[in-house]
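Following: one structure in structure tokens, then a few remarks.
In listed order, ligands and their atoms are each counted from 1.
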Amino acid sequence: MKPNDLVVITGNAHPRLARAVTDSIGIELGEVRCGRFPDGEIEVKVLCDVRGSDCFVVQPTCHPVNDNLMELLVLIDCLKRASARRITAVIPYFGYARQDRKDEGRVPITAKLVANLLERAGAHRVLTLDLHAPQIQGFFDIPVDHLYASPVLGTYLRQLQIENLVVASPDVGGSKMAWSYAKLLGGRFAMVEKRRVSAEETQVQFVIGDVKGCNVVLVDDMISTGGSIVEAACVLKDKGANEVYICATHPVLAGNAVAKLCEAPVKQVILTDSIPTEGKIQDPRFHICSVAPLLGEAIRRIHRHESISSLFRGSARGMRGV
Ligand code: R5P
């Protein structure tokens, strides 16, 4: 076997996470030049030997989503043309996942388009984390390994030893995920009923379940504008909740989301590093749990043809969907 049979490379989306992943595996990050031509086109050269290698490209498709997605596609194309044996797109945050169905006339299904692009570019597999909709796996005709951040976030939440715990979902779509966390943490379940008015605006109607005097962990897959989760936190407080914690896998944190979260009546905001947050967060109430060891272990197992599902044995699958 070649000494560099396992190669992990990255673009510019989240090099710190990619480095933490390779550190956890105990290998060096593969050397790549990923820049721009003077007109803004992406210019890539893989500087390490990848011929016949098992290659992983770590690249969340977060903001700026189109640049990061295009870099990922160009890197995959580059590896294919350099005769890599197998190419896995490691996408800790899968952007465009919220456009996953045609729920009105004349709208695209962008999650499917992204799946097509990844396959066409030359990806043989996808490794991702807490997809907004688990059925996106079916948009691919190549294997998709879908990881859950629940073992990572659950370990941190358990350490907090929150008493009289209720785990709440900010909407119906997240209820399965909140149920799984309630089971994992040994708490009761509640749900806030949210209606989306527009991409920026939501309206909360009522809360299902008793939260009076309880400490509530609000769980979601992502925080984008922060509208859903902050509104849910305020409603829970109005209904008599004691401390409210916010816990989400993907810190999209668009626009003034951080300011909104800082003003929210919450004890802590617990996130992962699936998306970089450097320079965005100063408030000590934010806690970032790293998913790098989880991704590293999954890469190691895929490389050795070992089971991924056994990584989650005994821990709840924090999956969205009802
Ligand atoms: C909803 O379907 C998602 O799980 C999130 O609740 C939502 O996308 C978060 O968006 P925002 O932070 O903009 O309310």
Side-chain angles (χ1 to χ4, degrees), residues 60-63 65 91-104 107 109-111 114 128-137 146-150 153 167-182 189-208 216-236 244-266 268-272 274-275 277 280-281 283 285-286 288 317-322:
T61 49
C62 52
H63 179 78
V65 55
I91 313 175
Y93 167 70
F94 190 98
Y96 280 118
R98 282 178 291 175
Q99 296 175 49
D100 65 340
R101 63 189 173 279
K102 204 172 161 189
D103 51 5
E104 57 179 309
V107 294
I109 304 181
T110 323
V114 171
T128 190
L129 175 76
D130 278 347
L131 278 170
H132 178 67
Q135 59 270 25
I136 290 171
Q137 292 169 80
H146 186 201
L147 306 179
Y148 309 99
S150 51
L153 292 169
V167 179
S169 169
D171 58 19
V172 181
S175 56
K176 197 169 170 191
M177 186 176 194
W179 259 114
S180 70
Y181 274 83
F189 167 79
M191 192 184 83
V192 177
E193 208 271 359
K194 168 191 96 175
R195 277 180 213 289
R196 186 164 283 285
V197 181
S198 69
E200 296 82 29
E201 206 192 327
T202 56
Q203 257 173 21
V204 166
Q205 315 277 317
F206 50 84
V207 174
I208 298 167
V216 183
V217 177
L218 255 172
V219 175
D220 209 349
D221 63 324
M222 71 173 84
I223 301 177
S224 179
T225 64
S228 311
I229 210 128
V230 168
E231 213 179 321
C234 294
V235 170
L236 291 166
V244 176
Y245 298 75
I246 284 176
C247 176
T249 306
H250 305 299
V252 177
L253 304 179
N256 63 347
V258 174
K260 250 189 236 169
L261 288 163
C262 289
E263 284 163 19
V266 297
Q268 257 192 62
V269 180
I270 302 142
L271 305 163
T272 82
S274 68
I275 294 175
T277 53
K280 278 191 179 173
I281 293 170
D283 192 316
R285 288 177 303 159
F286 283 71
I288 310 284
R317 290 165 178 239
M319 188 190 295
R320 275 181 57 87
V322 280

With heavy atoms of [X] as the reference, note each atom of ligand 1 found under 4.0 Å away.
X	value
Arg98	8 (O), 10 (O)
Thr225	11 (P), 12 (O), 13 (O), 14 (O)
Gly226	11 (P), 12 (O), 13 (O)
Asp171	1 (C), 2 (O), 6 (O)

Next item on the list: Please work out whether any backbone atom (N, CA, C, O) or any side-chain heavy atom from C-beta onward of Ile229 is under 4.0 Å from ligand 1, and answer side chain, backbone, both or neither.
Entry: neither
Notebook entry, point to check: Side chain, backbone, both or neither: which part of Asp221 comes within less than 4.0 Å of ligand 1 when only heavy atoms are counted?
Noted result: side chain
Measuring only between side-chain heavy atoms, which start at C-beta, is [X] closer than 4.5 Å to [Y]?
X	Y	value
Ile281	Ile288	yes
Leu261	Asp283	no
Asp130	Met177	yes
Tyr181	Leu153	yes
Gln99	Val107	no
Arg285	Val269	no

Check: Considering distance alone, does some N or O of Pro170 sit under 3.5 Å from an N or O of ligand 1?
Finding: no
Next item on the list: Report yes or no: does a heavy atom of His132 sit under 4.0 Å from some atom of ligand 1?
Entry: yes
